[in-house]
Amino acid sequence: MSGEFKPSRLGPQSGEVIDRSATIRFTWDSKVMTGFAGDTIASALMANGVRIVSRSMKYHRPRGYMTADYWDPNGFVQVGDDPNVRSGHRLLEPGMTIDPQNVWPSLDHDVKAANGFVGRFLTAGFYYKTFIRPQRLWPAFEKVLSTFAPGGTVDLDTPHRLHDKRYAHPDVVVAGGGPAGMAAAIAAAEAGARVMLVEHEHHLGGHLLWGSDEDRALAAKMRDAADVAGVEILTDSTVTGRYEDNWVSIVQRNHPLAVERLIKARATSLVVAPGLIERPYVFAGNDKPGVMLSGAVRRMINMYAVKPGSRAVVLTANADGDAAVADLRDVGVEVARVVDARAGENVASANGPGRTVESVTLGDGTSIDCDLLVTAVGWTAPTSLLNMAADRPVYDATAARFFPGGPIDTVLSTGGLTGDGTVEQLVEHGRATGRLAAERSAVAKHRIQAHTARAAPVSGDEPAWPHDLRAALGRDPHPELFRSTTHGIVDFSEDVSSKDLVGAAAEGFDSVELLKRFTTATMGPSQGKLETVNTVAVLAEARGETIEEVGTTVWRPPYAPITLGALAGRIFEPVRVSSIQPWHEANGAVDILAGAWKRPEHYGDPAAEVMNTRTNVGIIDVTPLGKLDLQGPDVPKLLSQLYTNKWMQLPVGSVRYGIMCAEDGVVLDDGVTARLGDEHYLMTTTSSGAATIWEWAENWLQTEHPEWQVHVTPVTTGLCSINIAGPNSRTLLGRLCPDIDLDPDAFPYMHVRTGTVAGVDDCIAWRIGFTGELSYEIHVPSGYGLHVWNALLDAGADLGIKPFGLEAQRIMRLEKGHFIVGQDTDGLTKAPSTGLAPLIKLDKDDFAGKAELGWALDEFASAESKAPRLVAIQPTDPTVVPHEASQIVRAGTNEILGRITSSRMSPTLGRSICLGQVAIDAAAPGTMLTIVLADGTRTTAEVMARHAHFDPEGERLRG
Amino acid sequence: MLLVPCPHCGPRNASDLSYKGESHARPDPNSATAEEWRSYLYMEDNPAGWLRETWYCRSGCRRFFVLERDTATNEFRNPPVPGAKLGGKA
């Protein structure tokens, strides 16, 4: 043929979806072009004469549009900073910068196409086999291979864009907005159901859109009817997955504010109506630009008014192929030859010698010049959503496609997926399906309401379960056409040919699941929508079996690839802060995220905060401390059950420390509980254990001892907690607590009082001492937290008051040798290992962990005990602070004896201090340990006699 | 995501609850042998079929309850009478 054909825009077409009054300028490969509103990138490029849009993944073969829709394997482009955009789907926007990807130096002259000449070396498994040895060279291989890898360019400076999430509870979700899907949605809504209709493409109507004028009129009428019926219509949105109990994920791409929105819908019924996906044919040259599927040609002509060729050959096996012939002739494309597969005719190859189709060789050897080869050889049934509901598709050789297997109660299918018919028949099947879905949804809702104690009472008996009385759609006979007499591409996105598949099968990868993984056929961005059936067919041929015997792979979620942005969504991570946080932020606090809480780690110099607290007075906001208000006559029984020590005789006004263990004897939590009144207690837990211990208390009350009368109320955020520590703390608090007698005889260590603090009534104050200093912890209604904090700072100005943060608190705790649950203990640390064996009271009737702790105490006492011991450790070199988790080994060996669990430089002692877990033969006081530091060097350290590095007698604390 | 029929709150996403495992009676800690106790702690029947299991409606009514579930089909049956004594472990 003379001169290369270029596609062009046709005159107005009756079904076009473009707006010719709205011209859009954009660039393609740095060339300025124009299109119209309503164009996809693909239709705009074709209207501008572009035939080659990409290079293939492995061989860099020139590629043009084949399906020209979402699934087109050749249409991936870079749009601005957005890589891997599906140009067959994405709508054209003003000013778009569109570029080809995976090309170098250019689309027309791609030197990587040299791969094509060595194609015979790049067969399936080539990468696995060739680059696997020697392994030391892999980094070099990877560097070279990555420059050949497909995909666009990620711009690391891309601004953050909003991705949103939504939760929905529709009665019926209909996946697919073709005639059957629309009919189902309308019928379900008319039957009273709340319906979401989700369509992958930009317009409702499915194949009606590229059909006759009557088809399009029907689509428009049904669209209006769906609106009137109150159906929520989501276009440009994909049902990406169906999970347990119809938990349906939908990615909405056309949200007005968000780039994408992930909708998690709990549908009572799901109607699956995705239609059919046209299947490519396998023959030599089937990936040459100019080879298109019949649906693509019809969409281009009827919806986008693009002339796809000037002289065409059409291979047709069905009515859609015949319709393509008519459409081509209507717009003045010469149809050089209709190759009718139903009459046994065939196409053997599409030929160059240029980059695009220049001639076609038929099965009988005839060669015909043309610039467009259209194929219509049958369908892939996208049963994905049914597969996700455990349906297994069944192959029907007469109809040459797969069909859904068995019926599922609340997952119904309709439309082309289930059979063939006229538009009227498809609509009628859709309506019946929609009604059934709505009726079943109503029964399911009735059941839920009847079985929910707190729901409104239901009226009437449960309706009978609606049986499936739908008349099935017929199945039109269709010739089985998968591969011609020649070999061609099966997976266009992965560049896998039928020859590769045959070779892989001969190598032993002859089960469809193995073949898929070895060759990567069906594993590209089209996810098998175009490739699966051909892969199965080629394998069946290679094995000399039928498709039925070979079986197919099962489609898992997602139906279409999902961006990471859509999955991440909006950040829903609530952070808790105390009511004092504004002061912290205004006063130089450096925050740390501790569990769900944001709290000050320090205010600039934690060591100075320690020294000020030990010398004068410091205050720390400890609001995150878990707090449970316990009321009722049986609270002592609950406490005895939860803690390992005794609680039946705790006097009013006293505070006691305890540890809690799980039923396996492992330390679960620790803290103090105060008795505020006869039947009123306040329990504190660790900050991270607050939720766990609330649940733990409820567990005992609800399962083992429902007869105990106890109310558990979490008050962690209801009370703002401030610890006042240091020699001046009594003087300070005395200035603010007129009605609490702070005299050490009236208010001794480990006691609690209630009263007024800084004018705030109903505050709780207790004397405890994890910092090792004289200290009071006050709990005030959280609305007054900031007020009390400010009052303390004002009243303590002359006493040297300074706030301190979590880091100073940790240093002071470690100086006192107090272990932290989860830091110095782990998931295997039973209570005796912490050194608190005296707190385990086996003479109690029962408590959580009693059985295991009894055995653990016996084991701990034996000379061969394997249980680790928590000990205080001081490095010989006081300037060395071993990292937490540093290993402790036997001197001169690599035998591990334990590890450092906490370590800090102590400003009080001017030396490094640690806690660590060690084996029994390294636990004796005075033992010299060997610690492996982070840089691999070893240092020595001594095991101390007591956990407390500072003031072991606790004189400061009790004063 | 599995829909769990809380007897008080109605069907809820499984992520609103916490799963406490199979429901077995807690042995007497004073008389149980180590083998009995550890069997209670760690051993599960794990049948393919009907199973009694304990759930905690963490984000809803905060009640513990026992449900029967067919592990092969995820069908639930016999929601408990609220307030009944339940054998469960955390």
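Every chain is numbered from 1 and lettered A, B, ... according to where its sequence line falls, protein lines coming before strand lines.
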query: Relative to chain A, which of Cys9(B), Ala32(B), Cys6(B) shows the most heavy atom pairs under 4.5 Å?
result: Cys9(B)

task: Would you check if Glu695(A) and Phe64(B) make a side-chain contact, meaning some heavy-atom pair closer than 4.5 Å?
output: yes

query: Any luck finding a side-chain donor-acceptor pair between Asn30(B) and Lys850(A) under 3.5 Å?
result: yes

query: Between atom CZ of Arg38(B) and atom CG of Asp664(A), what is the distance when rounded to the nearest 0.5 Å?
result: 9.5 Å

query: Which value, rounded to the nearest 0.5 Å, describes the distance between Asp846(A) atom CG and Asp28(B) atom CG?
result: 7.5 Å

task: With rounding to the nearest 0.5 Å, note down the distance linking CD in Glu244(A) to CG in Leu3(B).
output: 9.5 Å

message: With rounding to the nearest 0.5 angstrom, report the CG to OH distance, Asn13(B) to Tyr167(A).
response: 8.0 Å

field: Residue Asp845(A) excluded, over 12 heavy atoms near CG under 6.0 Å
entry: no

- prompt: Is the NZ or CZ atom of Arg58(B) both under 6.0 Å from the centre of the six-membered ring of Trp694(A) and within 45° of that ring's axis?
  reply: no

message: Distance check, rounded to the nearest 0.5 Å: Lys264(A) atom NZ versus Met1(B) atom CE?
response: 6.0 Å

- prompt: Would a 4.5 Å heavy-atom cut-off, applied to side chains only, mark Thr703(A) and Arg26(B) as touching?
  reply: no

- request: First locate atom OH of Tyr56(B), then atom CD of Gln702(A), and finally report the distance between them rounded to the nearest 0.5 Å.
  value: 6.5 Å

query: Any side-chain heavy-atom pair from Trp247(A) and Leu2(B) closer than 4.5 angstrom?
result: no

query: With a cut-off of 6.0 Å (strictly less than), are more than 12 heavy atoms of other residues, nucleotides or ligands near CZ of Arg556(A)?
result: no

query: For Ser18(B), is it the side chain, the backbone, both, or neither that has a heavy atom closer than 4.5 Å to a heavy atom of chain A?
result: side chain

- request: Compare every heavy atom of Ala851(A) with every heavy atom of Pro29(B), then report the nearest pair and how far apart it is.
  value: O-CB, 3.7 Å

Portion of Ala14(B) that has a non-hydrogen atom of chain A nearer than 4.5 angstrom: neither

